[in-house]
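One structure is given here, and the rest of the page talks about it.
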Amino acid sequence: MPELPEVETFRRRIDAGALNRTVAEIRPGNDITHVELPDAAARARFEGHQFTQTRRHGKYIFVGSASGPWLNLHMGMSGSVRVYDTEDGDPDYARLVVIFEGDRRMAFRDPRKFGWVRVIDDPDAEIARLELGPDALEIDASQFADRIEGRGAVKSALIDQAKVAGIGNLWADETLYQTGIHPDTRAGDLSGKQRGDLHRTFGRILKAVCDVDAHYAELPDPWLIHRRKTGHECGRCGGTIESRKVGGRTSFYCPDHQERAT
DNA sequence: TTCCGTGTTGATAT
DNA sequence: TATATCAACACGGA
């Protein structure tokens with residue numbers, strides 16, 4: 001369920017188990033119709049070489065090889081990365097399998113097939129081409145304040161990857177809940193203090209979720225993530241959680257402590 | 001069985 | 001032109 005923290009967790013798995021091993025082969029996995037994957041020539045560029053570094057920008061992972069090219073992974077709605085030993089067998093929904101010399105493998109899994117894998121030569125050029133804003137864990141307060149503007153809802157602005165890269169539906173809701181801002185508030189109407197609150201809060205939230213490797217059960221009890229259902233009790237006040245569509249996305253919020261837009 | 005969805009894109013509307 | 005909305009993508013799970 002990949003937003004920035006899940007993607008960061010996948011990146012760390014690659015760092016921990018897939019770097020500095022020679023690639024024997026990269027193979028397409030199971031049931032790959034409708035999945036965008038590198039062709040044979042692109043895959044062959046990695047054979048005999050090692051991956052030496054990873055980067056993450058927003059929800060995108062880059063895995064760089066000593067020979068120059070990078071794998072660029074996007075998880076879509078249901079993608080994940082697994083590093084495992086050959087004897088354990090390829091996981092279900094493995095769409096691309098990297099086979100290292102020895103007994104190690106790395107798979108890109110994607111049950112719903114919204115993700116993809118590409119081979120690129122320059123991550124910075126790719127980030128520009130994808131029109132991604134600064135990464136959510138790197139953007140500073142003044143940059144953020146400048147980028148959150150417009151007539152649309154703050155909820156929509158937070159999940160706009162061109163403004164800030166990495167915040168998705170769940171953590172946008174969590175950020176608004178923890179700052180007491182209603183999701184319908186117009187982005188351009190936010191005060192300087194509110195912009196600062198939002199920046200500080202999503203930074204803290206995303207870091208905390210990364211720190212528990214995106215295991216939601218380990219997050220603090222009052223958080224909205226544990227009560228994303230209409231009628232549940234708010235964890236911060238006596239309110240009752242409600243939901244509504246904002247910018248086409250379901251948004252959960254507490255009408256009691258998240259002030260209605262004026 | 002029917003509905004929903006953690007993401008992104010492209011067409012359409014304002 | 002800029003901005004906003006919404007269906008579509010494919011599939012598993014509630």
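Just so we're clear, the structure is a prediction, and the values are computed from it rather than from any experiment. Side chains included, hydrogens not; waters and symmetry mates left out as well; all remaining heavy atoms used. Each chain gets a letter, A, B and so on, in the order its sequence line appears, and its residues count up from 1.
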* Asked: Starting at the 5' end of DNA chain C and moving along, which residue's nearest nucleotide shows up first, A153(A) or T33(A)?
  -> A153(A)
* Select from R95(A) and K229(A) the residue whose nearest nucleotide in DNA chain C is closer to the 5' end of that strand. => R95(A)
Length of the [atom1]-[atom2] vector between [X] and [N], whole Å:
{"X": "D110(A)", "N": "dG5(B)", "atom1": "CG", "atom2": "P", "result": "19 Å"}
{"X": "N30(A)", "N": "dG12(C)", "atom1": "CG", "atom2": "C1'", "result": "17 Å"}
{"X": "K113(A)", "N": "dA10(C)", "atom1": "NZ", "atom2": "C1'", "result": "7 Å"}

* Nearest to side-chain heavy atoms of Y93(A), which nucleotide of dT6(B), dG12(C), dT8(B) -> dG12(C)
* To do: Choose from dC11(C), dT6(B), dC9(C) the nucleotide whose nearest atom is closest to any side-chain atom of F114(A).
  => dC9(C)
* Checking N72(A) side chain against I61(A) main chain: does a donor-acceptor pair fall under 3.5 Å? -> yes
* Asked: Where the side chain of R82(A) meets the backbone of F108(A), is there a donor-acceptor pair that is under 3.5 Å apart?
  -> no
* Y177(A)/F252(A) aromatic ring centres below 6.0 Å -> no
* Does K59(A) put a side-chain nitrogen or oxygen below 4.0 Å from OP1 or OP2 of dT8(B)? -> yes
* **K245(A) side-chain N/O to dG5(B) phosphate OP1/OP2 under 4.0 Å** => yes
* Structure fact -> Applying the 3.5 Å cut-off to both distances, the Watson-Crick or G-U partner of dT6(B) turns out to be none
* To do: Could you work out the separation of dC9(C) and dT1(B) based on their C1' atoms and round it to a whole Å?
  => 22 Å
* Any donor-acceptor pair under 3.5 Å between the side chain of R249(A) and the base of dG5(B)? -> no
* To do: Identify whether the distance between the nearest side-chain nitrogen and carboxylate oxygen of R43(A) and D39(A) falls below 4.0 Å.
  => no
